[in-house]
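To start, the structure under review is shown below, and the notes come after it.
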Protein chains: 2
Amino acid sequence: MAENTQHSHRPPSVSDITDMLAQHGIAHTQQRNKIAQILFARPQHLSADQVLERVNSEGNIASKATVYNTLGLFARKGLIRELIVDSSKVFYDSSTHAHHHFYHVDTGELQDINAQDLVVQHLPDLPEGSELERIDIIVRLRAKAE
Amino acid sequence: MAENTQHSHRPPSVSDITDMLAQHGIAHTQQRNKIAQILFARPQHLSADQVLERVNSEGNIASKATVYNTLGLFARKGLIRELIVDSSKVFYDSSTHAHHHFYHVDTGELQDINAQDLVVQHLPDLPEGSELERIDIIVRLRAKAE
DNA sequence: GTCAGTGCAAACCCTTTGCAGAAAG
DNA sequence: CTTTCTGCAAAGGGTTTGCACTGAC
């Protein structure tokens, strides 16, 4: 049974990937499969450039345009999450469940914070006519100056 | 007495601006003064482009390079705060006191949330060797689909 | 055969930089 | 005078796009 999802911490099988794409209404192609395999190998935060590099690390699988287009598609379809943390590039998070992030400003490294470890006490009333999309919490860290 | 600061909600006078720059170790020039006047006229969130436009709305005061350089300088010196909210551009917040933001994803509009209206219940232990720089909370909103 | 997906290169846009000239003290 | 700041234009870097080609049903 193909019950792995992007929430699992075990690498999904090829058929899990196929199912995952299908469930989100995404046609599967060689390139999309490979990109999904890389993303969902484990919970991680990758830039488009890093994905491109890994996709083609063992042969030419996908072009830059396809990687960008595919990451955008996956994000729109809810398979992955765009993280806006750094003004110079976007990161893609292969975990979409509610959680937050440490961001090491010196290294550019991202690290998960479990949702239950960082709870918002009381959300203020939302402005008229708007509804909540999501709450992003970024805890910015720097190397400790001893 | 020039007691207005960027925390005030009353537009600071010219001499307040001069003092503010001096207190942050920034030499004052015609361009920097004008940019500061625009930023601190009221608490607001402006992109570099918006600042550029306003600076030159009544005559050529500063070039694009100067506006970018000055905003970067002000942010490094702590007069203003860089907001990373949108992958396409940086916003500068003329309020540096602790507070958070609503972000209307449809319109790109930013709105303040008072720090006391959105409290983090318990911060998880920070990773070894790191110290807190700051916590950014962005409440992303979309137009309500009625 | 049809239509969606892909690849390439060029375009884009925000931002940064190099360097010569201007301004401030 | 000397040093810092400014302006211009060009370069930079991540991302998007136009369009012809490919490939899957």
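Only heavy atoms go into these numbers, but all of them, side chains included; no hydrogens, no water, no symmetry mates.
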>> Need to verify one output field. Residue with the more 5' nearest nucleotide on DNA chain C, B:Glu82 or A:Ser63?
In response: A:Ser63
> When the distance from CD of A:Gln50 to C1' of D:dT15 is rounded to whole Å, what number comes out?
Replying inline: 16 Å
>> Mind checking if A:Asp49 touches a base, just sugar-phosphate, or nothing, with heavy atoms under 4.0 Å?
In response: nothing
>> Need one value for B:Ser88: base, sugar-phosphate or nothing, where a base atom within 4.0 Å counts as base even if backbone is also close, heavy atoms only.
In response: sugar-phosphate
> Just checking B:Ile61: base, sugar-phosphate only, or nothing, at a heavy-atom cut-off of under 4.0 Å?
Replying inline: sugar-phosphate
> In whole angstroms, how far is the C1' atom of D:dT4 from the CD atom of B:Gln30?
Replying inline: 16 Å
> With no hydrogens and no angle check, is any side-chain donor or acceptor of B:Gln50 less than 3.5 Å from a backbone partner on B:Ser47?
Replying inline: yes
> Among the nucleotides D:dG14, D:dC8, D:dT6, which one has an atom lying closest to any side-chain atom of B:Thr70?
Replying inline: D:dT6
> Expressed in angstrom and rounded to an integer, what is the separation of B:Asp86 atom CG from D:dG14 atom C1'?
Replying inline: 14 Å
> Considering heavy-atom distances to DNA chain D, does B:Thr29 or B:Ser87 have its closest nucleotide positioned more toward the 5' end?
Replying inline: B:Thr29
>> What is the distance, to the nearest angstrom, from the OH atom on A:Tyr92 to the P atom on D:dG14?
In response: 13 Å
> Can you tell me how far C1' of D:dG14 sits from NZ of A:Lys64, to the nearest Å?
Replying inline: 8 Å
>> Rounded to whole Å, please give me the gap between CG in A:Asn60 and P in D:dT22.
In response: 16 Å
> Is it the case that A:Ser15 and A:Thr18 place a side-chain donor and acceptor less than 3.5 Å from each other?
Replying inline: no
>> When the axes are fitted on five pairs at both termini, how much does the helix from C:dG1-D:dC25 to C:dG25-D:dC1 curve, in 10° steps?
In response: 20°
> With A:Asp93, which residues qualify under salt bridge (charged side-chain N to carboxylate O under 4.0 Å, His left out), at least two apart?
Replying inline: none
> When you list every nucleotide of DNA chain C with an atom under 4.0 Å from a heavy atom of chain B, which one comes first 5' to 3', and which comes last?
Replying inline: C:dC14 to C:dT17
> Between B:Asp117 and A:Pro124, is there a donor-acceptor pair closer than 3.5 Å when you use the side chain of the first and the backbone of the second?
Replying inline: no
>> Please determine whether a side-chain nitrogen or oxygen atom of A:Tyr68 lies at a distance below 4.0 Å from atom OP1 or OP2 of D:dT15.
In response: yes
> When you measure from the side chain of B:Asp16 to the backbone N and O of B:Ser13, does any donor-acceptor pair fall under 3.5 Å?
Replying inline: yes
> Between A:Arg76 (CZ) and D:dT16 (P), how many Å, whole number?
Replying inline: 10 Å
>> Counting the atoms with a prime plus P, OP1 and OP2 as sugar-phosphate, which does B:Ile26 contact under 4.0 Å by heavy atoms, base, sugar-phosphate, or nothing?
In response: nothing
> Run the side-chain contact (heavy atoms from CB on, under 4.5 Å) check on B:Ile137 and B:Ile113 step by step: do they pass?
Replying inline: CA-CA 9 Å; B:Ile137 305 185; B:Ile113 302 173; over 6 Å; no
>> Taking the basic N atoms (NZ, or NE/NH1/NH2) and the acidic carboxylate oxygens, is any pair closer than 4.0 Å for B:Arg81 and B:Asp136?
In response: yes
> Between A:Ala65 and A:Arg32, which has a closest nucleotide on DNA chain C that is more 5'?
Replying inline: A:Arg32
>> Please verify the inter-ring angle class for A:His101 with A:His45; under 30° counts as parallel, over 60° as perpendicular, anything in between as tilted.
In response: perpendicular
>> From CG of B:Leu71 over to P of D:dT6, roughly how many Å is that when rounded to an integer?
In response: 12 Å
> Is the backbone of A:Ala75 close enough, under 3.5 Å, to the side chain of A:Glu82 for a donor and an acceptor to pair up by distance?
Replying inline: no
> Is it true that A:Glu131 and B:Lys144 have a side-chain N and a carboxylate O under 4.0 angstrom from each other?
Replying inline: no
